[in-house]
Amino acid sequence: MAPKGSGSNESKGITSETAHSVRMETLQEVLVAVSKQERKFKASRVLKFNKYKYFFGIAKSYLMVFLFAAYPHLYWCFHAIGMCIMIPIQVWRWTRTKDIFYMVEFCWITSFLIGSYLTLLLSHSILTDFNFLGATGFGGEHSLIERMVGVHNFEIFREKMGLLIFACGAGPLGFAVVSLGNSLVPHSIDHSMSLMIHFHNLITAYSIMFKLKDAPGADSATNLFGDLHHRDKNFVEYVTPALVWYAAWWIIDTIFLQVYAIKHLGPLTSPYTSILRDQLNPPPGRSTPFTKVLGRLGSGGSDRVRVFLYSLLYNIGMFITFYLSYLFYKYDTQDGHYLLCYLLFVFFIAIKNGAQWYSRNMSRFSKLVEDMIKAEEQATEKSK
């Protein structure tokens, strides 16, 4: 005969085990949901998030502000070095994550050009007698480049490239921080690279136009970019280098879009991401200004015409920003006060966007649990 109360004890044991099992299952679901949000917060695909990466991102942001405040005439050197370090890393990352086709866009291609040219110019300056660092360089009177193409031709080229850097940096690249909603999120490589190709080129444009004349060895420093600081060009002369570069990119990009991108990058089933899909074929339920005007890819009509009209609208925006940069070039004060105010405004937008990013992603941790509780309550109500 079973001891008195043994059935009750067994029932309590089973109930306790069941309750423990339910709690563990619930905690596992919470852990999965929180881990997923944690990965988003770390913003660190491919390269594992760690304290060193976070330290580097924060330190780089502080260094950027320090150099801009203390040594603005050297900022273009910092930008050149940063591009040499970060772009290969980003190419490697995006090749693995299948985001590499973002790099065919004008902002990326132009940043490649500017970064490569500034690196070439920095090497040229160190190896010759330019005095832009306040100390004589080494390597002889003329560099290998000057001996190959001629001193006069290289001087003309430097001025044209200076105009291109300023027109692009103070024009479409700087404005993209606002229009694309770039954010200052120092621990994220993707967010940092967006600012590097957009905002850092704006600072570089300001640096070479208005701050080189205040540098040690000012005559040598300003000669790095020809007679750029004289600001004596009319609009056609000013914008021609940037327009020639943009036209060359646009022709190649249009062929690429029509021949390859519409078929292979536009569909939502494509394993690769691209700006074309982001703008003309976003996920269901979302829309962009371009889809509202032109419709989505595959929504009827000719996709080739739709993509061509998209590129024409893109052109209009580019021309407007090129002209706005000319206003800074021609009518700003001697020290670039108007461009400095615009630069600080753009920086404020990036900080605000970054603060919103952190706030949104932090609040999602509690929201995940709240959503799970709400779903469980709804399921309980339905089962009654």
Task: Partners meeting ring-ring contact (aromatic ring centres under 6.0 Å, His included) with F345 (sequence neighbours left out) - done: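 So F345 forms no ring-ring contact (aromatic ring centres under 6.0 Å, His included) with any residue.
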Is any side-chain heavy atom of [X] less than 4.5 Å from a side-chain heavy atom of [Y]?
X	Y	value
L184	H191	no
T97	W94	yes
Q90	M103	yes
M83	S111	yes

TODO: Can you sort out the partners of S270 under side-chain contact (heavy atoms from CB on, under 4.5 Å), two or more places apart, ordered by chain and number?
DONE: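 Scan of S270 (side-chain contact (heavy atoms from CB on, under 4.5 Å), adjacent residues dropped) gives L265, Y272, R277.
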Task: Listed partners of T269 passing side-chain contact (heavy atoms from CB on, under 4.5 Å), at least two apart - done: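 Residues passing side-chain contact (heavy atoms from CB on, under 4.5 Å) with T269: P267.
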Task: Selection residues 232-256 - residue pairs positive for salt bridge (charged side-chain N to carboxylate O under 4.0 Å, His left out), sequence neighbours left out - done: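 Qualifying pairs: E159-K233.
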TODO: Report yes or no: do Y342 and H337 form a side-chain donor-acceptor pair below 3.5 Å?
DONE: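 Note: Y342 and H337 side chains miss the donor-acceptor criterion.
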Task: R296 side, atom CZ; R286 side, atom CZ - distance, nearest 0.5 Å - done: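 Reported to 0.5 Å precision, the distance equals 10.5 Å.
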Open item on the list: Working to the nearest 0.5 angstrom, can you tell me the gap between L163 CG and R231 CZ?
Closed with: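 The CZ atom of R231 is 12.5 Å from CG of L163, to the nearest 0.5 Å.
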Donor-acceptor contacts, no H, no angles, side chain residues 316-325, under 3.5 Å, sequence neighbours left out:
residue : atom : partner : partner atom : Å
T321    : OG1  : G317    : O            : 3.2
T321    : OG1  : M318    : O            : 2.8
S325    : OG   : Y238    : OH           : 2.7
S325    : OG   : F322    : O            : 2.6

Taking only residues two or more places apart in sequence or in another chain, which ones pass salt bridge (charged side-chain N to carboxylate O under 4.0 Å, His left out) with [X]?
X	result
K160	none
D303	R306
E105	none

Open item on the list: Between F101 and H264, is the ring centroid distance below 6.0 Å?
Closed with: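 No; H264 has its ring centre 6.0 Å or more from that of F101.
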- [ ] Could you tell me if the ring centre of F328 sits under 6.0 Å from that of Y338?
- [x]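 F328 vs Y338: aromatic centres not under 6.0 Å.
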Could you list the residues that satisfy side-chain hydrogen bond (donor to acceptor under 3.5 Å, both in side chains) with [X], not counting sequence neighbours?
X	result
T240	none
Y102	D278
W245	T110
S207	none

